[in-house]
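First comes the structure, then the notes that go with it.
By convention here, the first residue in the shown sequence is residue 1. Source: prediction; values computed, not measured.
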Amino acid sequence: MVKTGSLRRLERGLYTLPEAVHGEHHSLAIVSKKAPQGVICLLSALAFHGMTTELPRQTWLALPPHSHAPRMDYPSLAIVYISEPAASHGVETHLVDKVPVRITNPARTVADSFKFRNKVGLDIALSALKDYWNNKLGTLSELRQATDICRVTRVVQPYLEAIIS
């Protein structure tokens, strides 16, 4: 069917109709199909929630410890491993191009940005915190719970106090 043009191959085992229109977050749907146990996080989640102007070059995926990352040509992946309880806290399911995509909510995304600030950069984490607060993407208690679970409350606290005051 690929040779006749009836289907277009996206990735090994993933095909689409040639006339299908895909949204701006189509790469998240592809990753979710290849790694259903994974959760879209960090820069990819920031872009999904509109908390950054930067488009990530890679799709950020959180996986449970000891799991294998999917082999993919496109999109390229940046993998982080997260164990419980952080692996399941603050995870929402959104439909992207008719595919259920597990993605961290805004509060959890901010907490993850501080937890992995050595990978994404402190400037990205601070920008995410400012956007979260200024655009009212969640409550202070949701953010506090997420930072407690990710064990970054003491790191986030001084920055949050500066933004709130």
Side-chain angles (χ1 to χ4, degrees), residues 23-70 72 75-165:
E24 69 176 298
H25 300 295
H26 183 65
S27 62
L28 304 181
I30 292 172
V31 171
S32 292
K33 279 297 215 182
K34 294 291 275 188
Q37 79 281 14
V39 177
I40 304 298
C41 64
L42 293 168
L43 294 177
S44 298
L46 288 173
F48 181 83
H49 293 300
M51 297 170 65
T52 183
T53 56
E54 187 176 313
L55 291 175
R57 292 184 305 226
Q58 299 173 306
T59 300
W60 287 81
L61 184 67
L63 293 172
H66 311 297
S67 61
H68 297 287
M72 300 181 69
S76 62
L77 296 177
I79 305 290
V80 293
Y81 293 94
I82 299 176
S83 58
E84 289 295 336
S88 60
H89 175 77
V91 176
E92 303 172 339
T93 302
H94 295 270
L95 279 180
V96 176
D97 293 342
K98 299 180 183 177
V99 174
V101 175
R102 296 176 65 221
I103 189 164
T104 55
N105 67 17
R108 166 67 189 282
T109 303
V110 170
D112 279 348
S113 297
F114 278 93
K115 183 174 185 171
F116 295 103
R117 63 192 176 279
N118 59 333
K119 292 185 184 230
V120 299
L122 184 59
D123 56 333
I124 299 287
L126 291 172
S127 176
L129 181 62
K130 287 177 190 172
D131 283 347
Y132 179 85
W133 184 253
N134 293 337
N135 296 331
K136 297 177 181 24
L137 297 174
T139 65
L140 194 57
S141 65
E142 289 172 344
L143 181 61
R144 178 63 177 227
Q145 187 177 15
T147 58
D148 284 346
I149 287 176
C150 291
R151 299 185 312 248
V152 291
T153 303
R154 293 179 70 192
V155 175
V156 175
Q157 190 69 34
Y159 297 114
L160 186 59
E161 288 174 1
I163 289 171
I164 290 175
S165 60

| query | Is there side-chain contact between I164 and L140, with heavy atoms separated by less than 4.5 Å? | reply | yes
Q. Is T52 close to L43 at the side-chain level, that is, under 4.5 Å between some pair of heavy atoms?
A. no
- Give a yes or no answer on whether the side chain of R108 reaches the backbone of A86 with a donor-acceptor pair at less than 3.5 Å. yes
Backbone N or O of T139 within a donor-acceptor pair of the Y132 side chain at under 3.5 Å?
-> yes
Heavy-atom closest pair (A87 atom, E84 atom, distance to 0.1 Å) is CB-OE2, 3.6 Å
When every non-hydrogen atom of A35 is compared with those of L61, the smallest separation belongs to CB-CD2, 3.9 Å
CG (L63) and CD1 (I79) are apart, to the nearest 0.5 Å, by 4.5 Å
message = Can you see whether S44 engages T59 through a side-chain donor-acceptor pair at a distance of less than 3.5 angstrom?
response = no
Could you go through V80 and C41, starting from their C-alpha distance and side-chain angles, then the distance that decides it, and tell me whether this counts as side chain to side chain contact (heavy atoms under 4.5 Å, CB included)? CA-CA 9 Å; V80 293; C41 64; 3.8 Å; yes
Separation between CG (D97) and NZ (K33), nearest 0.5 Å, reads 11.5 Å
Review point. With a 4.5 Å heavy-atom cut-off, do N135 and M51 have their side chains touching?
Key: no
- [ ] Report yes or no: does R102 contribute a side-chain atom to a donor-acceptor pair with the main-chain N or O of V91 at less than 3.5 Å?
- [x] no
Going by distance alone, is a donor N or O of one side chain under 3.5 Å from an acceptor N or O of the other, for S165 and E161? no
Taken to the nearest 0.5 Å, the spacing of N105 CG from L137 CG works out to 10.0 Å
d(F48 CZ, L28 CG) to nearest 0.5 Å is 7.0 Å
dist D112:CG -> L46:CG (nearest 0.5 Å) comes out at 9.0 Å
Between L129 and L143, the two heavy atoms sitting closest are CD1-CD2, 3.7 Å
In terms of heavy-atom contacts, A107 and A146 come closest through O-CB, 3.7 Å
Any side-chain heavy atom of T147 within less than 4.5 Å of one from F114?
-> no
Here the pair of heavy atoms bringing S67 nearest to P64 is OG-O, 2.6 Å
Interatomic distance, CD@Q145 vs OG1@T153, rounded to 0.5 Å, equals 10.5 Å
Practice task
Please check if the side chain of S113 supplies one atom and the backbone of T109 the other of a donor-acceptor pair under 3.5 Å.
Solution key: yes
Q: Check the pair L42 / I124 against side chain to side chain contact (heavy atoms under 4.5 Å, CB included), numbers first and verdict last.
A: CA-CA 10 Å; L42 293 168; I124 299 287; over 6 Å; no
Closest non-hydrogen contact found for K130 with I163 is CG-CD1, 3.5 Å
